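Notes follow the structure.
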Protein chains: 2
Amino acid sequence: MDHAALDNDALDPLYVQLAAILRGQIERGELTRRVPAVKALAQQYEVAIGTAERALAILKDEGLIATSMGRGTFVVPEDERPK
Amino acid sequence: MDHAALDNDALDPLYVQLAAILRGQIERGELTRRVPAVKALAQQYEVAIGTAERALAILKDEGLIATSMGRGTFVVPEDERPK
DNA sequence: AGTGATTTGTGCGTATGTATG
DNA sequence: CCATACATACGCACAAATCAC
């Protein structure tokens, strides 16, 4: 349950896979408030920092999360999300 | 008029500045059909390839350009653009 | 009051993969 | 087969903002 979970030979690139994982956690309510730091995500899923950042950029673009420099990354409450 | 044009100490980051330049060229019709290759843009504006890629990613997101692997990057005709 | 740790943001450089021509 | 060009991935460094001490 804390395996790599990411497959470099899969159809989708790593950052898309990671975004999908986190999106699922958010939508299922398994991930609330605070999102682990980029560095932590990178270590946990064994990807480069840049790859984790790209994953977060997707979710940020979707309005699922919001970032604040120096503070961290946070899950946007469901009733404040677009769409 | 082929100076750097980019200022690392400006308010906006380099990739945003570059995106703005290209957006202006497209909107004024100075840039049509083909967009210079990422590598060429990086050399011309003296930025890293990754920085030029980020600039193009913005315009791609806006629907101003479209990329095709192995072929290049192209300006989307005005009547096919979103918005 | 300032110093250091943490965290996001930007930027550079490189290597490799994939598709096209 | 080889050149071109975009896409992904890694690693690193530093800046900027925040926070704890």
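All values derive from a computational prediction rather than experimental measurement. In what follows, chains carry the letters A, B, and so on, assigned in the order in which the sequence lines appear, proteins first and then strands, with residues in each chain numbered from 1.
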Quiz item: Got a second to check how far Thr73(A)'s OG1 is from Leu64(A)'s CG, nearest 0.5 Å?
Solution: 12.5 Å

Self-check item: Where Val47(B) and Ala52(B) come nearest, the two heavy atoms and their spacing
Solution: CG2-N, 4.2 Å

Self-check item: Test item: Glu46(A) and Leu6(A) side chains (from C-beta on) under 4.5 Å apart, heavy atoms
Solution: no

Quiz item: Should Tyr45(B) and Thr51(B) count as side-chain neighbours, where that means a heavy-atom distance under 4.5 Å?
Solution: no

Quiz item: Looking only at side-chain N and O atoms, does Thr67(A) come under 4.0 Å of OP1 or OP2 in dG9(C)?
Solution: yes

Self-check item: Whole-Å gap separating C1' (dG17(C)) and CG (Leu14(A))
Solution: 12 Å

Quiz prompt | Rounded distance (Å) that lies between atom P of dT18(D) and atom CZ of Arg34(A) | solution = 13 Å

Self-check item: Those residues of residues 70-78 of chain A lying under 4.0 Å from DNA chain D by at least one heavy atom
Solution: Gly70(A), Arg71(A)

Exercise. Compare all side-chain heavy atoms of Pro36(A) with those of Leu31(A) and state whether any distance is below 4.5 angstrom.
Key: yes

Quiz item: Given side chains that start at C-beta, do those of Leu56(B) and Leu41(B) come closer than 4.5 Å, heavy atoms only?
Solution: yes

Quiz item: Can you check whether Val35(A) reaches Val75(A) side chain to side chain, under 4.5 Å on heavy atoms?
Solution: yes

Quiz prompt | DNA chain C-proximal residues of residues 35-43 of chain A, any heavy atom under 4.0 Å | solution = Ala37(A), Val38(A)

Exercise. Quickly work out the Met69(A) CE to dT7(C) C1' distance and round it to whole Å.
Key: 9 Å

Self-check item: Distance, rounded to the nearest Å, where Glu46(A) contributes CD and dG11(D) contributes P
Solution: 11 Å

Self-check item: Separation of atom CG in Asp9(A) from atom P in dT18(C), rounded to whole Å
Solution: 8 Å

Self-check item: Side-chain N,O (Tyr15(A)) to OP1/OP2 (dA9(D)) below 4.0 Å
Solution: no

Exercise. Return yes when atom CD of Gln25(B) has more than 12 non-hydrogen atoms of other residues, nucleotides or ligands closer than 6.0 Å, and no otherwise.
Key: yes

Exercise. Please state how far atom CD in Gln44(A) lies from atom C1' in dT7(C), giving the value in whole angstrom units.
Key: 17 Å

Practice problem: Please report, rounded to the nearest Å, how far the P atom of dG17(C) is from the CD1 atom of Ile49(B). | Solution: 17 Å

Quiz item: How many Å lie between CG on Asp7(B) and C1' on dT10(C), as a whole number?
Solution: 14 Å

Quiz item: Roughly how far apart are Tyr15(A) OH and Arg54(A) CZ, rounded to 0.5 Å?
Solution: 4.0 Å

Self-check item: Phosphate-side-chain proximity, Asn8(B) and dG11(C), N/O vs OP1/OP2 below 4.0 Å
Solution: yes

Quiz prompt | Positions of residues 50-59 of chain B (non-hydrogen atom under 4.0 Å from DNA chain C), listed by number | solution = Thr51(B), Arg54(B)

Exercise. For residues Ile58(B) and Leu22(B), determine if any side-chain heavy atom of one lies less than 4.5 Å from a side-chain heavy atom of the other.
Key: no

Quiz item: From the list dT8(D), dG11(C), dG9(C), which nucleotide is the closest neighbour of the side chain of Pro13(B)?
Solution: dG11(C)

Quiz item: So do the side chains of Pro82(A) and Val76(A) get within less than 4.5 Å of each other, counting heavy atoms only?
Solution: no

Exercise. State plainly whether one hydrophobic cluster holds both Ile49(A) and Ile65(A), where clusters connect Ile, Leu, Val, Met, Phe, Trp and Tyr through side-chain heavy atoms under 4.5 angstrom apart.
Key: yes

